[in-house]
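A quick write-up on the structure given underneath.
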Amino acid sequence: MTDIKPVYISADRIKEAREEKGISLNRLAQIVGITYRTAINIEKGRKSCSPFVLRDIACELGVSTDWLLELSEKKELEQTKADADALNGRFLNVRFIRTETGTKQELADKIGISAYSWNRYETGDSFPTMSKLVLICSSLGVSSDYLLELSDVVG
């Protein structure tokens with residue numbers, strides 16, 4: 001298995017986007033359904049969050065998840081919050097990637113996770129941590145916006 005290091009949202013970027021939108025940190029926390037203390041820790045880069053909190057923050061601030069994670073300089077988000085809300089917490093493009101690129105075992109081996117974990121991601125029974133999300137994206141050459149269905153652009 002691959003040694004996975006924690007991944008955090010860029011403290012500078014989340015604060016920049018939040019201030020550009022004129023949203024207080026307390027209000028952002030309320031909107032995305034986390035505590036104010038958790039929001040403080042995420043914004044200061046002391047705490048990671050789930051891919052869905054990342055998605056909700058990106059949608060609310062109108063920025064790309066890849067930009068928040070410093071994986072891309074492309075700041076703009078392609079879809080709206082309503083589009084993301086329609087997903088109901090699903091991680092749909094994982095299955096599409098598998099059907100296009102290999103078996104569960106082949107992809108799990110490439111990423112350094114178990115086929116069981118990959119299957120749980122695919123069925124929606126479990127979701128990767130942000131660290132694993134970034135590992136999946138880099139291993140498969142896709143953007144986090146694509147995996148979280150915030151963009152139709154693969155890479």
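Just so you know, these numbers come straight off a predicted model, no measurement behind them. Atoms considered below: every heavy atom in the structure, side chains included; atoms not considered: hydrogens, waters and symmetry mates. All residue numbers refer to positions in the sequence shown, counting from 1.
Listed by chain and number, the residues in a side-chain contact (heavy atoms from CB on, under 4.5 Å) with Val53 are Ile34, Ile42, Cys49, Ser50, Ile57 (sequence neighbours excluded). Glu70 is linked by a salt bridge (Lys or Arg N to Asp or Glu O under 4.0 Å) to nothing, counting only residues two or more places apart in sequence or in another chain. Residues forming a side-chain hydrogen bond (donor to acceptor under 3.5 Å, both in side chains) with Ser72 (at least two apart in sequence, or on another chain): none. For Thr65, the side-chain contact (heavy atoms from CB on, under 4.5 Å) criterion is met by Leu54, Ala58, Ser144, Asp145, Leu148, Leu150, not counting sequence neighbours. Applying the side-chain contact (heavy atoms from CB on, under 4.5 Å) test to Ala11 and every residue at least two apart in sequence or in another chain returns nothing. Judged as a salt bridge (Lys or Arg N to Asp or Glu O under 4.0 Å), and not counting sequence neighbours, the contacts of Glu16 are Lys75. Among residues two or more places apart in sequence or in another chain, the side-chain hydrogen bond (donor to acceptor under 3.5 Å, both in side chains) test is passed with Ser138 by none.
When every heavy atom of Pro128 is checked against every heavy atom of Leu133, the shortest pair comes out as CB-N, 4.0 Å.
Separating the CG atom in Asp109 from the OG atom in Ser114 is a distance of 10.0 Å, to the nearest 0.5 Å. Within the model, atoms CD1 of Ile136 and NZ of Lys110 stand 12.0 Å from one another, a figure rounded to the nearest 0.5 Å. Here the straight-line distance linking atom CG of Leu61 with atom CD of Glu19 works out to 11.0 Å at 0.5 Å rounding. If you take SG on Cys137 and OH on Tyr146, they are separated by 11.0 Å, rounding to the nearest 0.5 Å. Summarising the geometry, atom CG belonging to Leu68 is positioned 7.5 Å from atom OG belonging to Ser10; distances are rounded to the nearest 0.5 Å. Put simply, CH2 on Trp118 and OG1 on Thr103 are 10.5 Å apart, with the number rounded to the nearest 0.5 Å.
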N/O donor-acceptor pairs under 3.5 Å from side chains in residues 21-31, not counting sequence neighbours:
residue, atom, partner, partner atom, Å
Ser24, OG, Arg27, N, 3.0
Arg27, NH1, Gln30, OE1, 3.3

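A salt bridge (Lys or Arg N to Asp or Glu O under 4.0 Å) check over residues 34-51, counting only residues at least two apart or in different chains, returns the pairs Arg18-Glu43.
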